[in-house]
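Quick notes on the structure that follows.
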Amino acid sequence: MKWEDNVRRVVPYVPGEQPKGGRIVKLNTNECPYPPSPKVMDALRKVEQDSLRLYPDPEVGALRAQLAKYYGVKTEQVFVGVGSDDVIANAFLTFFNGKKPILFPDITYSFYDVWAELFGIAYERIPLTEDFHIDPKDYAKENGGIIFPNPNAPTGIAESLQVVEEILMANTDVVVMVDEAYVDFGGESALSFLEKYENLLVIQTFSKSRAMAGMRIGYAIGSEKMISYLNDVKFSFNSYTMNKTSIDMGVACVQDDVYFKEIVSKVVATRERVKKELAKLDFSFTDSMSNFIFATHKSVSAKEIFEACKKEQIFVRYFKKPRIDNYLRISVGTEEEMDILLDFLKEFLKNR
Ligand code: PMP
């Protein structure tokens, strides 16, 4: 059909399954297994008619101010979007507007190349080392910008701040984005470099450590100048990205730091226990500092284990991709969910 000649054709990002129905153990999209803070639920109950009737604050002032206070930066240094996916997409559009290719690791969040394709941004995948680490020397070359997650996904590996700074030092003439979706589970945040590097953008989310994936809240913190450029692009696209209810619940969430720290430490404790149990079952894994474990089995293929788990309504994530197609990414659930997984794996591996 003629009209199809003018269609923007893209290969979309494929999110993990959201299965519906009875007893499901859902360990495939790195959500938090615990509910959000009770204060967040209070904020939801307090939603008034006007929150629905009126447009929300396009500046997202209340939530930006709350985040600024929490991280000790100015409100003008904070940008908020509909999940960090929205924040990163806006950041690609704003900052990766040169001719040279942007750089990101070969094994990383599989949305980066999708955005690059969508926006027509040239890109180059930089191979991680044999043991899945980022070698900062590989990023000391001509480029149009850099993005990497720290901890990385789906490997879970956290790089030291020394590695991050080495990349920053070699790249002061482009924007460097550090995607810290998983930082609260054991990584070190690059926020401490903000005063030194005006070209650094740190991106975080409420979807994992703050148990609010369903509300879609993400944010970026950077220099005032960067955030104002980011806002110019956002306001050229859609002024009202954040609904009032999300903003109110986001504020309540940041206010309840005690609860936040409690659920994060529960996830970390479960992660470390499950690592020990998986080792007993002949799995090996990276030293994950995130809320998932990236594991491979000594003798049984990841694909076979993935399919067997799925039959049992236990959902984990499997990526059929070079270098990682014998790994499973297992989100850390509750103690009970992990016991169901471990019990099943014990039986399955014994009887096959
Ligand atoms: N970055 C990384 C590395 C992720 O794994 C995810 C989760 N899929 C995101 C960003 C986006 O998360 P959200 O849009 O829910 O904030």
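Each ligand, and each atom within it, is numbered from 1 in the order the structure gives.
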- Message: So, applying side-chain contact (heavy atoms from CB on, under 4.5 Å) with I134, which one of L128, N150, I126 is it?
- Response: L128
Give the residue, atom name and distance (to 0.1 Å) of the protein heavy atom nearest [atom].
{"atom": "atom 8 (N) of ligand 1", "result": "Y109 OH, 3.2 Å"}
{"atom": "atom 12 (O) of ligand 1", "result": "S84 OG, 3.3 Å"}
{"atom": "atom 15 (O) of ligand 1", "result": "S207 OG, 2.6 Å"}
{"atom": "atom 14 (O) of ligand 1", "result": "R216 NH2, 2.7 Å"}
{"atom": "atom 11 (C) of ligand 1", "result": "D85 OD1, 3.1 Å"}
{"atom": "atom 1 (N) of ligand 1", "result": "D179 OD2, 2.6 Å"}
{"atom": "atom 4 (C) of ligand 1", "result": "Y182 OH, 3.6 Å"}
{"atom": "atom 7 (C) of ligand 1", "result": "K208 NZ, 2.8 Å"}

- Query: Which of the numbered atoms in ligand 1 are below 4.0 angstrom from a heavy atom of G83?
  - Reply: 14 (O), 16 (O)
- Query: Looking at A181, which atoms of ligand 1 are within less than 4.0 Å of one of its heavy atoms?
  - Reply: 1 (N), 2 (C)
- Examine distances only and state if a side-chain atom of D282 and a backbone atom of S299 form a donor-acceptor pair shorter than 3.5 Å. no
- On the ring face of Y70, is R210 found with NZ or CZ under 6.0 Å from the centre and within 45° of the axis? yes
- Please name the pair of heavy atoms, one in V80 and one in V87, separated by the smallest distance, quoted to 0.1 Å. C-CG2, 4.4 Å
- Message: Under a 4.0 Å threshold between the charged nitrogen and the carboxylate oxygen, would D42 count as salt-bridged to K39?
- Response: no
- Should I293 and F348 be counted in the same cluster of Ile, Leu, Val, Met, Phe, Trp and Tyr side chains packed under 4.5 Å apart? yes
- Please work out which of the three classes, parallel, tilted or perpendicular, describes the rings of Y112 and Y109, given edges at 30° and 60°. perpendicular
